There are 2 protein chains.
Amino acid sequence: MTVWDRPEPPTRPVTLDRERIVAAAIALADEGGLEAVSLRKVAARLDAGPMRLYRYISTKEELFDLMVDEVQAEILSEEQPGDWREALRTLAHRTRQAALRHEWLADLLGGRPAMGPNGLVVAESTLAALDGLADIDTVLRAVETVSAYFIGAIRREIANLRAERATGLSKYDWQRAHGPHLTKMLATGRFPALAKAVHDGTDVDAETSFATGLDWVLDAVAARLARRPPATGAPR
Amino acid sequence: MTVWDRPEPPTRPVTLDRERIVAAAIALADEGGLEAVSLRKVAARLDAGPMRLYRYISTKEELFDLMVDEVQAEILSEEQPGDWREALRTLAHRTRQAALRHEWLADLLGGRPAMGPNGLVVAESTLAALDGLADIDTVLRAVETVSAYFIGAIRREIANLRAERATGLSKYDWQRAHGPHLTKMLATGRFPALAKAVHDGTDVDAETSFATGLDWVLDAVAARLARRPPATGAPR
DNA sequence: CTCATGTCGATACACTGTATTGCTCTGATA
DNA sequence: TATCAGAGCAATACAGTGTATCGACATGAG
């Protein structure tokens with residue numbers, strides 16, 4: 001057999017790392033939602049066999065965890081926030097923006113404790129912004145309450161957005177958006193309050209609605225923080 | 001061929017309806033989580049072929065919608081609530097209890113608009129409890145804010161619960177619960193505020209933590225409702 | 001008694017996550 | 001430099017998924 005007959009040795013497999021894998025997965029999810037992410041497709045996008053991924057990941061759930069952590073990097077704001085309120089507000093808004101960029105995030109948010117490196121940094125900087133303003137338990141409760149709010153709010157917003165997209169593209173028309181079903185139900189007269197809400201409610205855009213609810217919650221937090229004097233320094 | 005040789009005619013297929021299907025699906029989900037729900041298994045539990053379900057459901061997602069709506073029936077409280085605050089509070093707590101009974105609910109809550117019959121009744125009675133206490137937009141914002149909070153809070157609670165279950169059963173010990181990873185991370189000194197929180201934070205049980213945050217949010221709502229005089233009767 | 005209809009089971013398809021298996025290439029050791 | 005152990009990988013395989021299609025069959029109408 002001459003050289004000419006022998007094929008070249010197979011080109012070394014593309015070097016892989018978690019970063020590349022996660023990037024591919026995120027790209028897939030951005031395009032087709034979470035359900036478009038399959039290990040096979042992720043691998044294919046990297047010119048690799050599916051099984052190769054298992055050296056970097058031991059389960060698909062772990063891939064999702066990595067994806068979430070990756071996006072949490074987008075959430076971190078570089079500049080130091082002014083006060084705690086600003087810190088929590090931008091955390092909420094940046095999370096929301098991330099979810100609008102990556103709608104699949106809404107499906108994952110709050111679904112598992114986020115203990116990745118970026119998740120920890122987010123937690124740390126959030127807690128740091130409140131540190132010393134009240135006893136730790138109050139601070140914890142504050143952070144948890146605010147984040148519970150915005151996770152729930154983001155989820156709903158994305159859910160509605162998808163529902164709207166699914167039924168025609170009637171952007172601001174709930175009634176038609178959810179099809180004849182809701183209309184028919186309201187017509188039965190069994191849901192007067194709901195009917196009034198749908199009928200007379202002003203259509204505010206999602207962002208202001210989000211911001212409004214957030215402000216309410218932040219007010220509530222402020223009230224509790226104010227209750228105790230800040231534990232500055234060593235008051236002992 | 002005598003009668004004795006001929007087999008009996010096949011017993012008529014078990015009568016089916018959505019109720020039975022949903023009940024079977026819920027049973028499966030209660031036992032093994034959402035991922036244990038497959039159309040084949042649901043059908044098998046009803047002595048039916050998988051394809052039969054498609055007369056009652058046209059997609060698996062619809063089955064999930066039905067499951068959620070079914071559980072929402074458990075949420076409705078029979079007696080009329082005293083005031084709006086009580087109404088919202090019991091809505092939140094009953095939703096939480098339902099999610100503790102059916103943990104898979106946490107995965108579905110807020111994932112899609114709940115327009116089923118029971119969902120509508122829940123929405124109606126909630127709105128009714130606030131009707132007239134403020135202009136409709138404020139009422140809507142109030143309901144949305146509170147429900148965003150408790151959906152997020154429930155999700156986190158269930159997520160933590162699962163994580164705890166997965167790693168040993170160290171009920172109240174976050175640090176060990178999440179394994180050496182968190183401990184090691186905290187030991188790096190890069191997360192002082194987080195470390196302090198984990199270290200010095202009191203371990204409150206999930207229910208009081210839920211209730212506390214809920215109260216804060218309800219306070220915030222109260223503040224906004226008080227801002228405008230109630231539009232009772234026809235003040236025109 | 002015949003025929004149309006609607007329901008069901010069987011089969012099939014494309015695809016999933018992951019366990020297993022054996023090849024091949026690499027780097028260390030003798 | 002020759003040998004060998006081990007790692008990294010592709011291929012194969014498996015059990016399972018949601019759902020489309022299709023042929024048979026029981027049922028009710030004429």
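In what follows, chains carry the letters A, B, and so on, assigned in the order in which the sequence lines appear, proteins first and then strands, with residues in each chain numbered from 1. In this text, all values refer to a predicted model and were calculated from it rather than measured experimentally.
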Q. Any ring pair (Phe, Tyr, Trp, His ring centres under 6.0 Å) pairs touching residues 95-125 of chain A, not counting sequence neighbours?
A. A:H102-A:W104
Q: For A:E31, enumerate each residue passing the side chain to side chain donor-acceptor pair (under 3.5 Å) test, keeping only those at least two apart in sequence or located in another chain.
A: A:R45
What N/O pairs connect the protein and nucleotides 22-25 of chain D at under 3.5 Å? Give each pair on its own line.
none

Please name all residues satisfying side-chain contact (heavy atoms from CB on, under 4.5 Å) with [X], sequence neighbours left out, ordered by chain then number.
X: B:S209; value: A:R141, A:E144, B:V204
X: B:A87; value: B:P81, B:A129
X: A:L66; value: A:R18, A:V22, A:I57
X: A:R155; value: B:R155

Name each donor-acceptor pair under 3.5 Å that joins a side chain in residues 189-196 of chain B to protein atoms two or more places apart or in another chain, with its distance.
residue: B:K196; atom: NZ; partner: A:D131; partner atom: OD1; Å: 2.8
residue: B:K196; atom: NZ; partner: A:D131; partner atom: OD2; Å: 3.4

Give every pair of a protein N or O atom and an N or O atom of nucleotides 11-13 of chain D that lie under 3.5 Å apart, one pair per line with the distance.
residue: D:dA13; atom: N6; partner: A:R40; partner atom: NH2; Å: 3.4

Q: Keeping to residues at least two apart or across chains, list the side chain to side chain donor-acceptor pair (under 3.5 Å) pairs with something in residues 113-128 of chain A.
A: A:D69-A:N118
Q. Which of residues 17-28 of chain A sit near DNA chain D, with a heavy atom under 4.0 Å from it?
A. none
Q: For DNA chain C, determine which residues of residues 53-61 of chain A have any heavy atom closer than 4.0 angstrom to one of its atoms, and list them numerically.
A: A:Y54, A:T59, A:K60
